[in-house]
Amino acid sequence: MASIATAPRGGLLSVPAVAGIGYALSWAAGLSVPVPAAGFGASGSEIVRDYAGHGGALTVQFLLTEGLPAAGLALVPLALGRAARWSRAGRIAAGAGLVAAAISLAQFAIGLGLVAASSPGTAHGLLEALNRADGVKMLLLAAVGAAGALSGTLPRRLRHVGFALSVAIAGSGIGYALLLTGVATLAYVSLPLLILFVAGSGIALGRTGR
């Protein structure tokens, strides 16, 4: 019988579970911050005008939706890869998650630049870069969802969520990468699926001690 000192830490206090729950809580808090949202077609002058006076709130939202969630995007897919014994699906999930986390951190930096921008041209360029980076990140997360579902490490219900996520977020990713408003609205479906998948996977992996 393993001693308490040598037994693996599992449950809700495990690293994957804390990362997954933290990811969900951070996004929930970020979405509750009241800030203006500039659409794909907004001009630089409109962006500067709409964001004026909201610098503090925007900074907080970028931290909660891009900066802090990067930890969950890295740690949960890494746990998936480890649980899958670094199979092909596990390596894809881990690798795509790490790159997505790096992009999320870059988006946080871009967001800080956007908050400080006073030139319409700069603001427009930064917002476009932010949205296109979001598209690339979504396509990587589609790979995480599909690979996680195929890895054999998750409960059946989460495998279904992973497959649904891969389809929905790939569509919204194309929309954001190409700045196509109609397709990008799939984010209203893919974001809840992403939060559920990351949080659920972290908790599931934590409970099994993987």
Shortest non-hydrogen contact from [X] toward [Y]:
{"X": "V189", "Y": "A168", "answer": "CG1-CB, 4.2 Å"}
{"X": "W86", "Y": "A94", "answer": "CZ3-CB, 3.7 Å"}
{"X": "H54", "Y": "D50", "answer": "CD2-O, 3.2 Å"}
{"X": "I92", "Y": "A147", "answer": "CG2-CB, 3.8 Å"}
{"X": "A93", "Y": "V144", "answer": "O-CG2, 3.7 Å"}
{"X": "G145", "Y": "L165", "answer": "CA-CD2, 4.2 Å"}

Pairing donors with acceptors under 3.5 angstrom, does anything connect the side chains of S151 and T153?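 Yes.
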
Once rounded to the nearest 0.5 Å, what's the spacing between atom [atom1] of [X] and atom [atom2] of [Y]?
{"X": "I195", "Y": "L25", "atom1": "CD1", "atom2": "CG", "result": "10.0 Å"}
{"X": "L68", "Y": "S26", "atom1": "CG", "atom2": "OG", "result": "4.5 Å"}
{"X": "L193", "Y": "S166", "atom1": "CG", "atom2": "OG", "result": "9.5 Å"}
{"X": "L64", "Y": "T59", "atom1": "CG", "atom2": "OG1", "result": "11.0 Å"}
{"X": "R91", "Y": "R88", "atom1": "CZ", "atom2": "CZ", "result": "8.0 Å"}
{"X": "E128", "Y": "I47", "atom1": "CD", "atom2": "CD1", "result": "9.0 Å"}

With the side chain counted from C-beta on, respond yes when F163 and V167 share a heavy-atom pair under 4.5 Å apart, and no when they do not. no

Do Y51 and L127 come close enough that some side-chain heavy atom pair is under 4.5 Å? yes

Is [X] linked to [Y] within one hydrophobic cluster, defined over Ile, Leu, Val, Met, Phe, Trp and Tyr using a side-chain heavy-atom separation of less than 4.5 Å?
{"X": "W27", "Y": "M138", "value": "yes"}
{"X": "L31", "Y": "L186", "value": "no"}
{"X": "I169", "Y": "L191", "value": "yes"}
{"X": "L141", "Y": "L78", "value": "no"}
{"X": "Y23", "Y": "V76", "value": "yes"}

Taking ring-ring contact (aromatic ring centres under 6.0 Å, His included) as the definition, give me every residue that meets it alongside Y176, ordered by chain and number, with sequence neighbours left out. F40

For atom CZ of R132, is the number of surrounding heavy atoms from other residues, nucleotides or ligands below 6.0 Å larger than 12? yes

Hey, is the main chain of L154 close enough, under 3.5 Å, to the side chain of R159 for a donor-acceptor pair? yes

With distance as the sole test, does S201 use its side chain to make a donor-acceptor pair with the main-chain N or O of V198 at under 3.5 Å? no

Using residues 109-126 as the side-chain source, report each donor-acceptor pair under 3.5 Å to any protein atom, sequence neighbours left out, with the distance given to one decimal.
unit_1	atom_1	unit_2	atom_2	d
S119	OG	G121	N	3.4

What side-chain donor-acceptor pairs closer than 3.5 Å can you find for residues 96-107, not counting sequence neighbours?
unit_1	atom_1	unit_2	atom_2	d
S104	OG	E66	O	2.5
S104	OG	E66	OE1	3.4
Q107	OE1	K137	NZ	2.8
Q107	NE2	L130	O	3.2
Q107	NE2	D134	OD1	3.3

From L58, V60, L63, residue fulfilling side-chain contact (heavy atoms from CB on, under 4.5 Å) relative to V33: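 Running side-chain contact (heavy atoms from CB on, under 4.5 Å) over L58, V60, L63 with V33 returns exactly one hit, V60.
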
